[in-house]
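These notes concern the structure reproduced below.
Model, not experiment: these values are computed from the prediction. Numbers for residues simply follow the sequence, beginning at 1. Note that ligands are numbered from 1 as they come in the structure, with each ligand's atoms numbered from 1 the same way.
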Amino acid sequence: MSSFYLTTPIYYASGEPHIGHAYTTILADVLARYRRRAGDDVLFLTGTDEHGQKIQEAAAEQGLSPLELCDLMAGRFEAVWETLGISHDRFIRTTEAEHVAVVRAMLERLRDNGFIYESEYTGWYSVGQERYFTEKEIGPERVDPIAGGPVERIREKNYFFRMSAFQERLIRHIEENPEWIVPRSRRNEVLGFLGRPLEDLSISRPRSRIHWGIPLPWDGDHVTYVWVDALINYVTASGAIDPAAPPGERGFGDPPRPSRWPADVHLMGKDIITTHAVYWPTLLMGADLPLPRRILAHGWWVVGETKMSKSIGNVVDPLALRELFGTDAVRWYLMREMPTGQDASYTPERFLARYDELRNIFGNLAHRTLSMVKRYRAATVPEGPADGLARETADAVAAYRRGIDGYRLHEGFAAAMDLARAANGFVEVQEPWAQARRPDGAADLDRTLATLVRTLGVLTCLFEPVMPEKSRELARRLGLAGVPRFGELESLEVGGLEVAVDAPLFPPADFPAA
Ligand code: ME8
């Protein structure tokens, strides 16, 4: 059994979960479920980012202490993930004692290695992004280049990480590992960024300005810059570092001691590619830890032309969609509609089109198959050879796995839906209703029905990562003991199963009239 460790960003505890967060988290969930179904030992990590100026200010606005706000919001994220069927193994919060200790151990390691120094910082800071920007980046309007929010001029003593020392090594790593950052457009963007001299990274904030952070181990008047704090969560949850051990024995080193580190893939939106593909790997190099195996930056959900974002106020609430169409339909839409890596525009029309696809192709295939087994064979699947659609099934499974393994999930799920489409075509060609009428049609009808049930069994496996509820429900109606794993598909036997016909898997649904 191989092991697989994947992560989502940890979301700011200052904002409500919206479709953008849901997209990344469902993407991770699909990959986690797929890997488990393929037999891997999975660690799926998500959580909340709870320190920094943004949280401090949001809490103050609401008359709460920062921790009260974080408790509230972490609970909100967890509740939303539960309703959306997210199967994470660990929900990390950066205010946890274990994480705080690992951050401090990591900073001490960087300092012991000679990569931390003290200096004065002058520049522009965006609280919205919790980041410094250069004069050039903020442009003549002096706004943060990501969301267009305000920036403030800052001059203060900071501790710096000698990020510049790792520029060459990082460029070499990216060039030697063409798949390390996917998709390619993001890799080119990072290489472009690294084409200019890399500056050192300010890793602290004076406590006089921001008190809500992790104090530096060697200077309690400064707290850790929230991005450094946040990125380290991936190492905390891996169990690689034992902060309670004496400095030389905490687990730093490449290779690390046995743990889940390095991560197999960090998932995120393209807004935070620089922090993940530049800050994070150089911090790891500085602390003698190996780099994550892959960084995947997906596109943005936009409304019209504009990125969905809390500060802009154009966010779509995944729970409202769930109320109308069910969890699995929301998951299906998000995974099927966005070509992994590109931007996608949310519209109710496209949502409905994707729902209709579920209803008319997959739902319809399930319903007609189960009804015919009931009508013609008293709800018992015949023993007839289930060998129709053999080539279509093998091709679909192969295309599906190529798509998901290559992080082109939309292609994988399109291949699964094409198999359902082919099975509907098979019904039209075989005409089981005519086979049932023909005096010598019994054997043909047995083969048609067994083939259709077998195909549906395969589809429960292919669809389970994206539609866990409906797939489990269909497996139950088919009379299967559960959703089959990939290793069980070849030998899947359906003869003799007792099927159940029930209400449509995807009932009629629509948006309320405006
Ligand atoms: O950046 N479309 O947290 P955050 C697609 N705490 N994905 C979107 C999206 C959109 N319109 N809006 C948000 C942070 N996302 C830091 C991360 S990690 C060590 C620290 C998703 O709450 C996407 O994954 O602003 C994006 O990268 C993330 O939410 C940003 O979440």
Side-chain angles (χ1 to χ4, degrees), residues 6-29 31 45-55 58 69-70 73-74 76-77 80-81 86 91-95 99 102-103 106 126-131 144 146-147 149 186 213 224-238 263 265-281 283-284 292 295-318 333-335 337-346:
L6 79 169
T7 69
T8 72
I10 47 173
Y11 306 109
Y12 286 124
S14 49
E16 295 288 336
H18 62 65
I19 276 229
H21 307 122
Y23 174 75
T24 317
T25 312
I26 292 171
L27 177 66
D29 189 60
L31 293 170
L45 173 72
T46 189
T48 38
D49 187 353
E50 306 195 346
H51 288 125
Q53 191 169 354
K54 198 164 155 140
I55 308 287
L69 175 67
C70 293
M73 293 310 299
R76 202 105 99 211
F77 272 94
V80 172
W81 297 156
I86 304 301
F91 188 99
I92 194 169
R93 300 181 51 184
T94 53
T95 47
H99 175 69
V102 172
V103 168
M106 183 98 170
S126 153
V127 178
Q129 305 299 326
E130 292 278 22
R131 261 191 68 179
D144 95 55
I146 293 175
R186 298 277 94 77
T224 310
Y225 170 40
V226 62
W227 263 106
V228 172
D229 167 349
L231 288 162
I232 294 171
N233 92 87
Y234 303 134
V235 164
T236 305
S238 77
V265 60
H266 290 319
L267 304 172
M268 75 212 68
K270 64 182 181 179
D271 49 340
I272 54 177
I273 181 76
T274 312
T275 49
H276 281 81
V278 179
Y279 298 7
W280 183 225
L283 286 164
L284 288 165
I295 294 173
L296 184 141
H298 61 70
W300 283 345
W301 283 96
V302 298
V303 175
E305 302 275 287
T306 320
K307 181 190 174 212
M308 213 179 272
S309 119
K310 186 194 159 220
S311 40
I312 299 168
N314 61 348
V315 296
V316 175
D317 176 5
Y333 169 75
L334 292 175
M335 292 301 111
E337 187 71 2
M338 181 184 271
T340 324
Q342 297 170 30
D343 290 350
S345 172
Y346 169 82

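Atoms of ligand 1 lying under 4.0 Å from any heavy atom of Met308, numbered from 1 in the order shown and given with element: 11 (N), 12 (N). Atoms of ligand 1 lying under 4.0 Å from at least one heavy atom of Trp300, given by number and element, are 2 (N), 5 (C). Atoms of ligand 1 found under 4.0 Å from any heavy atom of Ala230 (numbered from 1 in listed order, with element): 19 (C). Those atoms of ligand 1 that come under 4.0 Å of a heavy atom in Thr24, given as number and element, are 21 (C), 23 (C), 24 (O). For ligand 1, the atoms closer than 4.0 angstrom to any heavy atom of Asp49 are 6 (N), 16 (C), 20 (C).
Of all the heavy atoms in His99 and Asn233, the pair that sits closest is CE1-N, 3.4 Å. Residues Ser345 and Tyr333 come closest through the heavy atom pair O-OH, 3.7 Å.
Closest to atom 9 (C) of ligand 1 among all protein heavy atoms lies Gly20 CA, 3.4 Å. In terms of protein heavy-atom proximity, atom 2 (N) of ligand 1 is closest to Trp301 N, 2.8 Å.
Salt-bridge formation is not detected for the pair Glu130/Lys54: no Lys NZ or Arg NE/NH1/NH2 atom is positioned less than 4.0 Å from an Asp or Glu carboxylate oxygen.
Note on ring orientation: taking the six-membered ring where Trp is involved, the planes of His266 and Trp280 are tilted (angle from 30° to 60°).
Taking only nitrogen or oxygen atoms, main chain and side chain alike, Asp271 reaches within less than 3.5 Å of ligand 1. Taking only nitrogen or oxygen atoms, main chain and side chain alike, Ile10 reaches within less than 3.5 Å of ligand 1. For Leu231, no nitrogen or oxygen atom sits less than 3.5 Å from a nitrogen or oxygen atom of ligand 1, counting backbone and side chain alike. Here's the thing with Ile272: none of its N/O atoms is less than 3.5 angstrom from an N/O atom of ligand 1.
Between Thr340 and His298, the side chains place no donor N or O within less than 3.5 Å of an acceptor N or O (distance only, hydrogens not considered).
Evaluated by nearest non-hydrogen atom to atom 18 (S) of ligand 1, the leading choice among Tyr11, Tyr234, Tyr12 is Tyr234. The residue from His276, His21, His18 that puts a heavy atom closest to atom 12 (N) of ligand 1 is His18.
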Determine, stepwise, if the pair Tyr11 / Thr46 fulfils side-chain contact (heavy atoms from CB on, under 4.5 Å). CA-CA 8 Å; Tyr11 306 109; Thr46 189; 3.9 Å; yes
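Counting heavy atoms from C-beta on, the side chains of Thr48 and Cys70 never come closer than 4.5 Å.
Within the 4.0 Å heavy-atom cutoff, Gly299 counts among the residues contacting ligand 1. Heavy-atom separations between Tyr23 and ligand 1 are all 4.0 Å or longer. Close to ligand 1: His298, with a non-hydrogen atom less than 4.0 angstrom away.
Not one N or O on the side chain of His276 forms a donor-acceptor pair closer than 3.5 Å with the backbone of Leu296. Between the side chain of Asp144 and the main chain of Gly149, a donor-acceptor pair closer than 3.5 Å is present. Of the possible donor and acceptor atoms, none in the side chain of Thr94 sits under 3.5 Å from a partner among the backbone N and O of Asp49.
Judged as a salt bridge (charged side-chain N to carboxylate O under 4.0 Å, His left out), the pairs with a partner in residues 266-279 (not counting sequence neighbours) are, in order, Lys270-Asp343, Asp271-Lys307.
Only the side chain of Lys307 comes within 4.0 Å of ligand 1, counting heavy atoms alone; its backbone N, CA, C and O stay farther away.
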